[in-house]
Trainee: 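One structure, pasted below without further comment.
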Amino acid sequence: MALTFANKVTVGRILIVPFFIATVMYISPEHDYFRWLALALFIVAIVSDIIDGYIARTRGQKTKAGAILDPLADKILLISAFICLYIKRADFTDIHFPLWFVVAIISRDIILLLGSMIIQLTTGKLEIEANRSGKFTAFLQIVCVLGVLLQLKFTFVFWYVALIVTIISGVIYIKEGIKALNESSISGD
C-alpha cells in the first residue's frame, strides 16, 4: 500500500529535522539569521504535524505507518531541538535550556521508548495512542523551544510547568504500559 497524503506530510516533517539541526548548529552572534531560519523550520514542522493529523482524521487516512511515524517525527524534532539548543547555549544571549531540563525531557522519552519496546516484544503488538497529558506535554515542550528561539525572557516559567507535566504524563504512560502488560499476561495464561 502506498503512503497516504497524511503519511507523506509526516515523512516531510522528518526530512525537515536535519535542516533544522543544521540551522541551529550555525547560530552565532554574527549569524543570528540562522536562529530565525531555525524558528521558521520548526514552525513549518509543527504546522505539518497539525495538518497531517487533521488529514488523517477527516479523510480516513489513519494507517499503521502513520501511527508509528507521526509520534516518531514529533520525538525526533523535539529531542533534536532540546539537544541542539542546549549545545548552542553559549550563542544565546539571554535564554537557554538548563541541563537538568533537557535531561528530564529526554529521559522521559527514553523510558517511554524502552517501555514500548518491552510491550511490543512481550505482547507482539503496540498501540501508540497519545493521551491528553501527552499532547499537553508536547504542546508545552514546543512552547519552550519557541521561547528559546525567540529569546523570550519569561520562557523559564514554561520550563517548570513543562517539567511537571512531562513527569505526570510519563507516570500515566508507564501505568498504561504496565496495565497493557498485565492484561496480556492474563489473557495469555
Side-chain angles (χ1 to χ4, degrees), residues 3-56 65-66 68-113 128 130 134-167 169-170:
L3 288 176
T4 64
F5 183 69
N7 292 152
K8 290 176 183 175
V9 173
T10 303
V11 170
R13 185 163 75 255
I14 292 170
L15 294 175
I16 288 172
V17 173
F19 296 100
F20 171 76
I21 291 170
T23 56
V24 170
M25 298 312 289
Y26 279 110
I27 294 171
S28 68
E30 306 82 43
H31 300 104
D32 194 50
Y33 57 89
F34 279 111
R35 181 170 59 91
W36 295 104
L37 183 55
L39 176 65
L41 288 170
F42 189 77
I43 290 171
V44 167
I46 297 307
V47 169
S48 76
D49 184 28
I50 295 166
I51 290 170
D52 73 33
Y54 176 79
I55 291 169
I68 293 169
L69 289 175
D70 186 61
L72 180 65
D74 296 343
K75 293 300 167 204
I76 291 170
L77 177 65
L78 284 170
I79 289 173
S80 298
F82 286 115
I83 291 172
C84 291
L85 290 170
Y86 177 74
I87 290 170
K88 295 297 288 184
R89 68 192 177 280
D91 293 315
F92 288 92
T93 54
D94 296 320
I95 302 296
H96 53 83
F97 289 128
L99 180 61
W100 58 264
F101 180 70
V102 175
V103 168
I105 299 297
I106 294 173
S107 295
R108 171 215 181 239
D109 288 338
I110 290 171
I111 290 167
L112 295 183
L113 175 64
I128 301 172
K135 290 179 182 182
F136 189 53
T137 299
F139 170 76
L140 287 171
Q141 291 175 0
I142 288 166
V143 169
C144 290
V145 171
L146 291 172
V148 169
L149 286 170
L150 289 168
Q151 288 293 278
L152 300 174
K153 303 264 189 221
F154 57 85
T155 301
F156 73 93
V157 172
F158 288 101
W159 298 342
Y160 295 103
V161 177
L163 179 66
I164 292 166
V165 174
T166 296
I167 292 168
S169 74

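Keep in mind the model is a prediction, meaning the values are calculated, not measured. In what follows, residues are counted from 1 in the order of the sequence shown. For the numbers below, each heavy atom of this structure counts, side chains included, while hydrogens, waters and symmetry mates do not.
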Trainee: Grab the two heavy atoms, one from Val9 and one from Ser48, that are nearest each other, plus how far apart they are.
Mentor: CG1-O, 3.4 Å
Trainee: Just how far is it from atom CG of Leu112 to atom NZ of Lys75, taken to the nearest 0.5 Å?
Mentor: 7.0 Å
Trainee: Run the side-chain contact (heavy atoms from CB on, under 4.5 Å) check on Leu37 and Ile27 step by step: do they pass?
Mentor: CA-CA 9 Å; Leu37 183 55; Ile27 294 171; over 6 Å; no
Trainee: Listing request: all side-chain hydrogen bond (donor to acceptor under 3.5 Å, both in side chains) pairs with a residue in residues 11-24, at least two apart in sequence or in separate chains.
Mentor: Arg13-Asp49, Arg13-Asp52, Arg13-Asp70, Arg13-Asp74
Trainee: Does Phe158 have more than 12 heavy atoms from other residues, nucleotides or ligands lying within 6.0 Å of its CZ?
Mentor: no
Trainee: Ignoring hydrogens and geometry beyond distance, is a side-chain donor-acceptor pair present between Thr4 and Asn7 at under 3.5 Å?
Mentor: yes
Trainee: Would you please test Thr166 and Gln141 for side-chain contact (heavy atoms from CB on, under 4.5 Å) and show each step?
Mentor: CA-CA 9 Å; Thr166 296; Gln141 291 175 0; 3.3 Å; yes
Trainee: Quick one: do the Arg108 and Ser169 side chains pair a donor with an acceptor below 3.5 Å?
Mentor: yes
Trainee: Is there side-chain contact between Phe42 and Leu78, with at least one heavy-atom pair below 4.5 Å?
Mentor: yes
Trainee: Evaluate side-chain contact (heavy atoms from CB on, under 4.5 Å) for Leu152 paired with Ile95, printing each intermediate quantity in order.
Mentor: CA-CA 7 Å; Leu152 300 174; Ile95 302 296; 6.0 Å; no
Trainee: With Ser80 as reference, evaluate Leu85, Val17, Val24 under the side chain to side chain contact (heavy atoms under 4.5 Å, CB included) test and give the passing residue.
Mentor: Val17
Trainee: Sequence neighbours left out, what pairs pass side-chain hydrogen bond (donor to acceptor under 3.5 Å, both in side chains) with at least one residue falling in residues 147-159?
Mentor: Asp94-Lys153
Trainee: Look at atom OH of Tyr54 and say whether more than 12 heavy atoms of other residues, nucleotides or ligands are closer to it than 6.0 Å.
Mentor: no
Trainee: Is the closest side-chain heavy-atom distance between Arg35 and Phe92 below 4.5 Å?
Mentor: yes
Trainee: Would you say the side chain of Ile105 lies within less than 4.5 Å of the side chain of Thr137, judging by non-hydrogen atoms?
Mentor: no
Trainee: Nearest 0.5 Å, please: how far is CG in Asp91 from CD in Glu30?
Mentor: 8.0 Å
Trainee: Evaluate the side-chain contact (heavy atoms from CB on, under 4.5 Å) criterion for residues Ile51 and Val47: first the C-alpha distance (whole Å), next the side-chain angles of each, then the deciding distance (0.1 Å), finally the verdict.
Mentor: CA-CA 6 Å; Ile51 290 170; Val47 169; 3.7 Å; yes
Trainee: Looking at Tyr86, Tyr160, Phe82, which one forms a ring-ring contact (aromatic ring centres under 6.0 Å, His included) with Trp100?
Mentor: Tyr160
Trainee: Supply the atom-to-atom distance Leu15 CG to Thr10 OG1, rounded to the nearest 0.5 angstrom.
Mentor: 11.0 Å
Trainee: Heavy-atom distance under 4.5 Å between the side chains of Phe139 and Val165, does that happen here?
Mentor: no
Trainee: Hey, are the side chains of Phe97 and Cys144 touching, using non-hydrogen atoms and a 4.5 Å cut-off?
Mentor: yes
Trainee: Indicate yes or no: at least one non-hydrogen side-chain atom of Trp36 is less than 4.5 angstrom from one of Leu150.
Mentor: yes
Trainee: Atom CD1 of Ile14 and atom CD1 of Ile76: how far apart are they, to the nearest 0.5 Å?
Mentor: 5.0 Å
